[in-house]
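Encoded as structure tokens, the structure appears first; notes follow it.
What's counted below: heavy atoms across the whole structure, side chains too, no hydrogens, waters or symmetry copies. Quantities reported herein were computed from a predicted structural model and do not represent experimental measurements.
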Amino acid sequence: EATVARRPRGIDDDESIRWVLEKALAREELATRSFSNAQDALAALEQESPQVLVSDIRMPGESGLALLQRFKQAHPGIPVIIMTAFATVQTAVEATQLGAYDILEKPLDTDRILVLLRNALSHLDLQEENVRLKQTIESRYEIVGRSFAIRAVIDKIDKVGGTPARVLITGENGTGKELVARAIHRLSTRA
């Protein structure tokens, strides 16, 4: 089972579970799409991207954990909620290590899944807002210019930005040392 909220996708081999999820999410005005196996879900997910994915672990063919791993490689920022009737600590640890947002035990509690979906969507909204704010802040510190001297500085920034080398930036007050430092940091592994 897998379901995605707002544009939820649900994947479960049990038709009754897919039906319950679809009805519960429809009451919340969340558009859903369900699949009975991982292969159909992955094929559809290549064409469209959900906001949340809900998937069963045990399905015919590819398992929910394999689906989780493949989906997170392609869409690392999208929350995935795993459902299982066979919850073990090992399964929970493995799902978490593969990037699951949360794990639900069957039989499903529709109230709990709705709360989880709302939280996952809020988390997604916060991530998007964080990216927008970072871009806004970074745009304030952009190095602007086309002169030979500016291009030479930008070339040096590009060369050292991705290295672990320590950099000493010197210059008169007001010459843009902070802009250079921010540009190097932005290109570094520490960014």
Side-chain angles (χ1 to χ4, degrees), residues 2-9 28-31 33 38 41-55 64-82 89 92-104 114-191:
T3 303
V4 182
R6 267 193 217 145
R7 289 189 314 269
R9 300 294 175 269
E28 295 293 312
E29 298 180 359
L30 297 171
R33 190 155 174 218
L42 285 169
L45 292 171
E46 288 178 9
Q47 306 302 317
E48 55 184 308
S49 181
Q51 289 178 296
V52 179
L53 180 72
V54 180
S55 178
L65 291 178
L67 168 73
L68 170 64
Q69 185 173 18
R70 289 179 57 190
F71 182 77
K72 286 306 246 180
Q73 287 172 349
H75 308 281
I78 296 175
V80 178
I81 298 171
I82 296 292
V89 173
V93 168
E94 188 174 356
T96 303
Q97 287 174 338
L98 292 173
Y101 180 78
D102 208 334
I103 300 168
L104 284 172
L114 290 173
V115 167
L116 266 177
L117 285 171
R118 284 185 202 115
N119 290 344
L121 290 170
S122 293
H123 180 77
L124 197 59
D125 289 344
L126 287 173
Q127 282 181 323
E128 290 170 0
E129 183 179 359
N130 190 16
V131 167
R132 279 193 308 273
L133 289 172
K134 282 183 179 180
Q135 289 172 344
T136 301
I137 290 169
E138 289 301 323
S139 68
R140 293 174 56 200
Y141 297 104
E142 189 175 345
I143 298 174
V144 180
R146 291 188 227 164
S147 71
F148 175 77
I150 293 291
R151 284 184 291 162
V153 169
I154 291 172
D155 286 344
K156 288 179 184 176
I157 290 169
D158 290 340
K159 286 180 185 174
V160 300
T163 69
R166 294 180 180 165
V167 178
L168 175 63
I169 303 167
T170 61
E172 298 289 324
N173 286 344
T175 58
K177 295 183 296 295
E178 184 177 342
L179 295 177
V180 171
R182 286 181 181 274
I184 291 170
H185 176 74
R186 202 173 27 245
L187 294 173
S188 76
T189 56
R190 295 180 184 175

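The distance from atom CD of Gln51 to atom CG of Leu117, rounded to the nearest 0.5 Å, is 11.0 Å. Here CG of Leu116 is found 12.5 Å from NE2 of His123. Values are rounded to the nearest 0.5 Å. Atom CG in Asn119 sits 12.5 Å away from atom CG in Leu124 (nearest 0.5 Å). Atom CD in Glu94 sits 9.0 Å away from atom CG in Leu68 (nearest 0.5 Å).
Smallest separation of non-hydrogen atoms from Lys177 and Thr170: CD-C, 3.7 Å. Of all the heavy atoms in Arg146 and Arg151, the pair that sits closest is O-NE, 3.1 Å. Of all heavy-atom pairs spanning Ser49 and Ile78, the tightest one is OG-CD1, 3.1 Å. Summarising the geometry of Arg33 relative to Ala44, their closest heavy-atom pair is NH1-CB, 3.8 Å, with the distance given to 0.1 Å. When every heavy atom of Phe71 is checked against every heavy atom of Pro50, the shortest pair comes out as CZ-CG, 3.9 Å. Closest of all the heavy-atom pairs between Ile82 and Ala95 is CG1-CB, 4.4 Å.
Counting only heavy atoms from C-beta outward, the side chains of Ile103 and Thr96 approach each other to under 4.5 Å. Using a 4.5 Å heavy-atom threshold, the side chains of Asp125 and Glu129 count as separate. Taking the side chain as every heavy atom from C-beta outward, Leu65 and Gln69 never approach each other to under 4.5 Å. Ile157 has its side chain within reach of Ile143: a pair of non-hydrogen atoms, C-beta onward, lies under 4.5 Å apart.
Proximity of a side-chain donor or acceptor of Lys72 to a complementary backbone N or O of Leu98 within less than 3.5 Å is not detected. Panel note: side chain Ser122, backbone Arg118; a donor-acceptor pair is recorded below 3.5 Å.
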Determine whether Ile81 and Leu53 satisfy the following criterion, side-chain contact (heavy atoms from CB on, under 4.5 Å), listing intermediate values before the conclusion.
CA-CA 6 Å; Ile81 298 171; Leu53 180 72; over 6 Å; no

Run the numbers on Val160 and Lys156 for side-chain contact (heavy atoms from CB on, under 4.5 Å), then give the verdict.
CA-CA 6 Å; Val160 300; Lys156 288 179 184 176; 5.8 Å; no

side-chain contact (heavy atoms from CB on, under 4.5 Å) between Val80 and Asp102, worked out
CA-CA 7 Å; Val80 178; Asp102 208 334; over 6 Å; no

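The 12-atom threshold is not exceeded at CZ of Arg70, counting heavy atoms of other residues, nucleotides or ligands nearer than 6.0 Å.
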